[in-house]
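Have a look at the structure below before the remarks.
Heads up: numbering here begins at 1 and tracks the sequence.
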Amino acid sequence: MKYYIIAGEASGDLHGSNLLRELKVLDKQAEFRGWGGDLMQAQGAALVKHYRDLAFMGFVEVLANLRTILKNIDFCKSDLLQARPDVLILIDYPGFNLRIAEFAKAQGIRVFYYISPQIWAWKQSRVHKIKRFVERMFVILPFEKDFYAKFDYPVDFVGHPLLDAIANSNNTALAAEIKTDKPIVALLPGSRKQEVLQSLPVMLKMIAKFPTAHFVLAAAPSLHPEFYKTLTQGYSVQLVQNNTYGVLQQAKAALVTSGTATLETALFQVPEVVCYKGSKVSYWIARQLVKVKYISLVNLIMDSLVVTELIQNDFTEERLETELKNLLENEVYLAQLKANYNSLIVKLGGSGASAKTATLMFQYLTEKK
């Protein structure tokens with residue numbers, strides 16, 4: 001069968017690549033084409049566009065790049081018509097993917113959605129579009145099944161693919177790359193330029209305040225090393241490109257920009273503080289629209305404040321210093337955090353999400369409609 005996959009971010013590329021690997025086991029004739037990154041390409045996908053050309057965040061930033069986004073949508077529609085796949089598989093990235101879903105449905109192309117948009121947080125009205133245009137939805141967070149049930153839309157809960165990604169990771173070569181006897185503090189400032197520019201300067205201020213620690217910056221593969229080198233000039237920080245998991249395997253604590261990385265850090269059992277700062281306008285708009293209590297996936301899944309969140313005005317040098325000291329020295333807090341991390345893994349449904357999703361997709365595609 002012919003599969004067309006769209007992933008607009010680094011995390012989508014990761015989960016998409018693992019899904020492709022499992023689909024190849026079930027479908028020996030599988031052909032993949034899509035939008036994603038190096039990992040999906042490594043699994044045999046003919047790459048139409050790289051996610052580094054698609055990642056715009058924040059309301060203001062999206063408006064500033066609206067012309068580019070609309071051009072990408074038009075190009076995707078044209079390419080989809082030429083490819084005529086048996087199924088379109090969308091991975092998160094809702095602003096783009098829901099438009100493509102509507103178009104594909106109108107063209108008679110089957111539409112599957114893997115990793116639900118976070119419509120439970122904001123824009124709940126999107127659930128009606130999903131019901132109209134998406135044949136099957138595969139969700140990865142335990143509370144999402146109940147959310148969709150309220151709208152009379154049955155979905156498949158498959159567990160979280162990060163458990164598989166982490167289990168399959170092999171970053172032992174990094175052990176020789178980080179040579180230090182000091183405790184390692186990982187800096188994960190995000191995968192988009194806007195995120196990094198907002199968060200990294202504050203994170204770097206911690207280096208002078210914790211001279212007994214070794215700071216390692218886990219650089220995103222989508223951003224050029226020179227971009228990081230400009231920002232880190234004058235700071236004693238080690239830059240490790242495209243090996244976040246290898247850094248987390250050795251870290252004693254982590255400063256993490258909100259997003260998938262907050263969950264990855266927790267699954268590696270690394271104590272973390274979650275940091276987020278956006279433009280004033282984008283943040284104000286988000287406060288009016290977002291309907292959730294927390295910003296990090298860890299806290300959302302656990303429905304409690306498991307990891308500290310420093311958001312917008314709370315994300316200051318002084319607050320970050322206090323929280324990092326807590327992560328490195330407060331044994332009582334660390335013991336409770338570890339217990340919460342273990343509970344988190346249980347809630348996520350165990351390993352095997354990628355294989356389970358591929359099996360269900362192949363079953364739906366091969367059975368009579």
Side-chain angles (χ1 to χ4, degrees), residues 3-23 32 34-37 39-40 43 45 51 54-55 57 87-101 104 110-124 126-127 129-131 133-149 151 153-168 191-192 258-264 266-267 292 295-298 300-301 344 347-362 364:
Y3 303 81
Y4 197 107
I5 304 97
I6 303 177
E9 298 173 308
S11 59
D13 179 42
L14 170 65
H15 302 321
S17 69
N18 287 327
L19 177 64
L20 265 56
R21 186 187 65 244
E22 298 295 341
L23 282 170
F32 301 117
W35 301 43
L39 297 177
M40 282 173 53
Q43 288 298 328
Y51 66 78
L54 309 173
M57 63 168 290
V87 63
L88 168 65
I89 301 174
L90 306 170
I91 302 178
D92 199 0
Y93 198 51
F96 188 95
N97 276 341
L98 285 176
R99 291 184 179 222
I100 301 302
R110 300 179 72 173
V111 181
F112 289 175
Y113 215 123
Y114 179 40
I115 305 178
S116 169
Q118 296 179 353
I119 58 174
W120 35 265
W122 74 301
K123 287 194 175 180
Q124 288 193 10
R126 280 176 166 171
V127 73
K129 278 191 173 183
I130 290 172
K131 286 181 69 174
F133 308 132
V134 177
E135 180 182 336
R136 301 297 315 188
M137 171 70 75
F138 306 86
V139 302
I140 65 173
L141 299 175
F143 57 79
E144 290 177 325
K145 191 175 180 70
D146 292 335
F147 170 80
Y148 278 107
F151 296 92
Y153 183 64
V155 301
D156 292 295
F157 171 60
V158 294
H160 207 294
L162 274 181
L163 293 168
D164 295 333
I166 290 171
N168 294 333
S191 59
R192 304 179 182 96
S258 64
T260 304
T262 64
L263 185 55
E264 290 172 313
L267 295 179
V292 291
I295 196 170
S296 73
L297 281 173
V298 176
L300 284 168
I301 295 166
L344 172 71
K347 274 199 168 190
L348 288 174
S351 60
S354 303
K356 185 175 181 181
T357 305
T359 300
L360 286 169
M361 285 185 175
F362 192 67
Y364 292 139

The test is side chain to side chain contact (heavy atoms under 4.5 Å, CB included); show your working for Leu14 and Glu264 and say whether it passes.
CA-CA 12 Å; Leu14 170 65; Glu264 290 172 313; 4.1 Å; yes
How far apart are the C-alpha atoms of Val111 and Val87, what are their side-chain angles, what is the distance that settles it, and do they pass the side chain to side chain contact (heavy atoms under 4.5 Å, CB included) test?
CA-CA 6 Å; Val111 181; Val87 63; over 6 Å; no
Before giving the answer on side chain to side chain donor-acceptor pair (under 3.5 Å), spell out for Tyr4 and Trp35 the whole-Å C-alpha distance, their side-chain angles and the decisive distance to 0.1 Å.
CA-CA 8 Å; Tyr4 197 107; Trp35 301 43; 2.8 Å; yes
Determine, step by step, whether Leu267 and Leu348 satisfy the side chain to side chain contact (heavy atoms under 4.5 Å, CB included) criterion, reporting the C-alpha distance in whole Å, the side-chain angles of both residues, the deciding distance to 0.1 Å, and the verdict.
CA-CA 10 Å; Leu267 295 179; Leu348 288 174; 3.9 Å; yes
I'd like to know whether Leu360 forms a side chain to side chain contact (heavy atoms under 4.5 Å, CB included) with Phe138, so could you lay out the CA-CA distance, the side-chain angles of the two residues, the decisive distance to 0.1 Å, and finally the verdict.
CA-CA 9 Å; Leu360 286 169; Phe138 306 86; 3.8 Å; yes
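Cation-pi geometry between Arg136 and Tyr364 is met: under 6.0 angstrom from the ring centre, within 45 degrees of the axis.
Taking all atoms of both residues into account, the shortest heavy-atom contact from Ile119 to Arg126 is CG2-CB, 3.7 Å. Taking both residues in full, the closest heavy atoms of Met40 and Leu20 are given as O-CD2, 4.0 Å, listed atom of the first, atom of the second, then distance. Across Pro117 and Pro94, no two heavy atoms sit closer than the pair CB-CB, 3.5 Å.
Listed by chain and number, the residues in a side chain to side chain donor-acceptor pair (under 3.5 Å) with Tyr3 are Asp27 (sequence neighbours excluded). Among residues two or more places apart in sequence or in another chain, the salt bridge (charged side-chain N to carboxylate O under 4.0 Å, His left out) test is passed with Arg21 by none. Residues passing the side chain to side chain donor-acceptor pair (under 3.5 Å) test with Glu22, sequence neighbours excluded: none. With sequence neighbours excluded, no residue satisfies salt bridge (charged side-chain N to carboxylate O under 4.0 Å, His left out) with Asp146. Considering only residues two or more places apart in sequence or on other chains, Ser11 meets the side chain to side chain donor-acceptor pair (under 3.5 Å) condition with none of them. In this structure Gln118 satisfies the side chain to side chain donor-acceptor pair (under 3.5 Å) test with no other residue, sequence neighbours excluded.
Taking CD1 of Ile295 as the start and CG of Leu300 as the end, the distance is 9.0 Å to the nearest 0.5 Å. Taking OG of Ser116 as the start and CD1 of Ile140 as the end, the distance is 8.5 Å to the nearest 0.5 Å. Taken to the nearest 0.5 Å, the NE2 atom of His15 stands 4.5 Å off from the CD1 atom of Ile115. From Thr357, atom OG1 reaches atom CZ of Phe157 across 10.0 Å, with rounding to the nearest 0.5 Å. Rounded to the nearest 0.5 angstrom, Ile6 CD1 and Ile91 CD1 are separated by 9.5 Å. Between Arg99 atom CZ and Lys129 atom NZ the span is 7.0 Å, to the nearest 0.5 Å.
Counting only distance, with no hydrogens or angles, the side chain of Asn18 and the backbone of Ser354 share no donor-acceptor pair below 3.5 Å. Remark: side-chain polar atoms of Lys131 are paired, donor with acceptor, to backbone N or O of Phe151 under 3.5 angstrom. Put simply, the side chain of Asp13 gets close to the backbone of Leu39: a donor and an acceptor are under 3.5 Å apart. Under a 3.5 Å cut-off, the side chain of Tyr113 and the backbone N or O of Asp92 do form a donor-acceptor pair. Under a 3.5 Å cut-off, the side chain of Asp164 and the backbone N or O of Gly352 do form a donor-acceptor pair.
Looking only at side-chain heavy atoms (C-beta outward), Leu90 and Phe96 stay at 4.5 Å or farther from each other. The closest side-chain heavy-atom distance from Trp120 to Glu144 is below 4.5 Å. Under the 4.5 Å side-chain criterion, counting only non-hydrogen atoms from C-beta, Val139 is not in contact with Val158. Side-chain contact between Ile5 and Leu19 is absent, with no heavy-atom pair separated by less than 4.5 Å. Here the side chains of Tyr148 and Pro154 are not in contact, with every heavy-atom distance at 4.5 Å or above.
Surrounding NZ of Lys145 are more than 12 heavy atoms belonging to other residues, nucleotides or ligands, all under 6.0 Å away.
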